[in-house]
Amino acid sequence: MFANAAVNVPENVPLSHYFAETWDTRDGLPHNSINALAQTPDGYIWAGTWEGVARFNGRKFTLFTRGEETGLPDSGIRSLSLDSQTHELYVAGSRGGVSSVKGNFWQALPAAAYMINFALRVSDGALWLALEDGGVVRRYQGQDLHFLTGASTYHVLEQGDKVWVASSDGLYVYQNGQMQRPETTNNALNGMTYKLALDHNQRLLVGAEQGIWREENRGFKLLDKALSMSLCRR
C-alpha cells in the first residue's frame, strides 16, 4: 500500500541526527591515526595507518603489514585507492611500497624511490604515484615518467582526459602527454595544494593553503572565505 508513496527526505540532515560509533586500538585498529580509508565492492572497509592496513568486516579488524603476504617493504600506509574497472585496491606508503589486493590475493608492484602519498590507477591503465620530495610518476607498460622532480606531490585526480596533480609547487594538469600549470590558475593555486575532488557537476575542487577552490567559467573561485586552510591540509 505504501510502495508508491512519496517519501520526503530532507536534503541536509544534521550530523547530530546520525548514530556515531568509534573504533580505536582497543577494538583492533593497529594505530589511532588514520591516513586513508576505502571500501571495496565486497563490503569491507579498509583503514590505512602507520602500523599497517586494517580490513573491517563490521565486527572485527584483520591486519595486514609489511612482509611476504602483502609484498610491502614497510607497514606505514599513506594511500588507499580503488580501481573502479578491476576492483583492485591499491595500497601504498612508506619506503615507496605499493601493492594491489583483490579478495585475498596480493600483488607487489615495483617500489618507488620515495614515500608514496597517493597512488591512483586511471582509466588508460597508467598508475600515478604522488611522492614526498620526489615529484609525481606516471607508470605505464613498465616505464616510469617523472614530473615535478624535487617537489612533494600529495594527490592525483582523473577528470575526463586530464589528470590533475596537487603539489607543494601548486596545481598542475597532465593532458596530451604534457604536464603544465593550468592556464586558468591564479596565484592562490601556485602555492601549496593538498587535495582534489569532483563535485556533483564534475567540477574540480582544489584544497589549497588558501582555502577550497572550485573550477568555474574557465577559472577558479574561492568557495567560502570562512573555510580555513587547516581544513585542506593532508
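If you're wondering where the values come from, they're calculated on a predicted model, not measured in any experiment. Position 1 is the first residue of the sequence, and the numbers go up from there. Only heavy atoms go into these numbers, but all of them, side chains included; no hydrogens, no water, no symmetry mates.
Looking only at side-chain heavy atoms (C-beta outward), V173 and V163 stay at 4.5 Å or farther from each other. The shortest distance between side-chain heavy atoms of R139 and P110 falls below 4.5 Å. For the pair R214 and D199, the minimum side-chain heavy-atom distance is below 4.5 Å. Contact of the F147 side chain with the V165 side chain is not registered, since no non-hydrogen atoms from C-beta on lie closer than 4.5 Å. Within the 4.5 Å cutoff, the side chain of R121 has no heavy atoms near those of the E88 side chain. Y90 places a side-chain heavy atom less than 4.5 Å from the side chain of L109. Side-chain contact between Q39 and Y44: absent, with no pair of heavy atoms (C-beta onward) separated by less than 4.5 Å. The closest side-chain heavy-atom distance from L129 to V136 is not below 4.5 Å.
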message = For a side-chain contact (heavy atoms from CB on, under 4.5 Å) check, start with the C-alpha distance between T49 and I34, then their side-chain angles and the critical distance, and finish with the verdict.
response = CA-CA 5 Å; T49 79; I34 306 298; 3.8 Å; yes
Criterion side-chain contact (heavy atoms from CB on, under 4.5 Å) on R78 and I116, from CA distance to verdict = CA-CA 7 Å; R78 290 281 291 138; I116 300 173; 6.0 Å; no
key: From CA spacing to verdict: ring pair (Phe, Tyr, Trp, His ring centres under 6.0 Å), F118, W128   = CA-CA 8 Å; F118 193 73; W128 287 83; over 10 Å; no
message = Does M115 form a side-chain contact (heavy atoms from CB on, under 4.5 Å) with R95? I'd like the steps, not just the answer.
response = CA-CA 5 Å; M115 182 174 75; R95 294 176 58 189; over 6 Å; no
task = Output, in order, the C-alpha distance, side-chain angles, deciding distance and verdict of side-chain contact (heavy atoms from CB on, under 4.5 Å) for W46 and T40.
result = CA-CA 8 Å; W46 298 73; T40 45; 3.1 Å; yes
inquiry  = Does S123 form a side chain to side chain donor-acceptor pair (under 3.5 Å) with Q85? I'd like the steps, not just the answer.
reply    = CA-CA 8 Å; S123 57; Q85 296 180 359; 4.9 Å; no
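Criterion: ILVMFWY side-chain heavy atoms under 4.5 Å apart, direct or through other members. Under it, L89 and F64 are part of a common hydrophobic cluster. Using a 4.5 Å cut-off between side-chain heavy atoms of Ile, Leu, Val, Met, Phe, Trp and Tyr, with links allowed through other members, V122 and Y174 fall into the same hydrophobic cluster. When hydrophobic clusters are built by joining Ile, Leu, Val, Met, Phe, Trp and Tyr residues whose side-chain heavy atoms come closer than 4.5 Å, directly or via intermediates, L198 is grouped together with L189. Note: the hydrophobic cluster containing L148 also contains L145 (ILVMFWY, side chain heavy atoms under 4.5 Å, direct or indirect links). With hydrophobic clusters built from ILVMFWY side chains whose heavy atoms lie under 4.5 angstrom apart, L222 shares a cluster with L204.
Closest non-hydrogen pair, T86 versus K102, comes out as O-NZ, 3.0 Å. Scanning both residues, L29 and W23, for their nearest heavy atoms gives CD1-O, 3.5 Å. Of all heavy-atom pairs spanning L72 and V91, the tightest one is CD2-O, 3.9 Å. Residue S167 comes nearest to G170 through the heavy atom pair OG-O, 2.8 Å, listed as atom of the first residue, atom of the second, then distance. Smallest separation of non-hydrogen atoms from L131 and A112: CD2-CB, 3.9 Å. Residues A92 and A119 approach most closely at CB-CB, 4.0 Å, considering heavy atoms.
D124 places a side-chain N or O within donor-acceptor distance of the main-chain N or O of A126, the cut-off being under 3.5 Å. Side chain of H155 to main chain of L196: a donor-acceptor pair is present (N/O by atom type, distance under 3.5 Å, no hydrogens or angles). A donor-acceptor distance shorter than 3.5 angstrom exists from the side chain of S99 to the backbone of T70, with no hydrogens or angles considered. Distance alone, capped at 3.5 Å, is enough to place a donor-acceptor pair between the D24 side chain and the R26 backbone. T153 places a side-chain N or O within donor-acceptor distance of the main-chain N or O of G135, the cut-off being under 3.5 Å. A donor-acceptor distance shorter than 3.5 angstrom exists from the side chain of S152 to the backbone of D133, with no hydrogens or angles considered. Proximity of a side-chain donor or acceptor of N117 to a complementary backbone N or O of S79 within less than 3.5 Å is not detected. Put simply, the side chain of S75 gets close to the backbone of R66: a donor and an acceptor are under 3.5 Å apart. Using modelled atom types, no side-chain atom of K221 and backbone atom of E215 make a donor-acceptor pair closer than 3.5 Å. Of the possible polar contacts, one joining the N35 side chain to the I77 backbone as a donor-acceptor pair under 3.5 Å is found.
A donor-acceptor contact closer than 3.5 angstrom links the side chains of Y172 and D169.
Annotation: D161, atom CG; neighbour count of heavy atoms from other residues, nucleotides and ligands within 6.0 Å is above 12. Heavy-atom contacts from other residues, nucleotides or ligands closer than 6.0 Å to OH of Y114 number 12 or fewer.
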Would you be so kind as to tabulate the donor-acceptor pairs closer than 3.5 Å made by side chains of residues 50-62, with sequence neighbours excluded?
unit_1: R55; atom_1: NH1; unit_2: N104; atom_2: OD1; d: 3.3
unit_1: N57; atom_1: OD1; unit_2: R59; atom_2: N; d: 2.8
unit_1: N57; atom_1: OD1; unit_2: K60; atom_2: N; d: 2.9

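Distance check, rounded to the nearest 0.5 Å: CD of Q178 to CG of N176 gives 8.0 Å.
The aromatic rings of F220 and W164 stand perpendicular to each other, their planes meeting at an angle above 60°, with 30° marking the opposite boundary.
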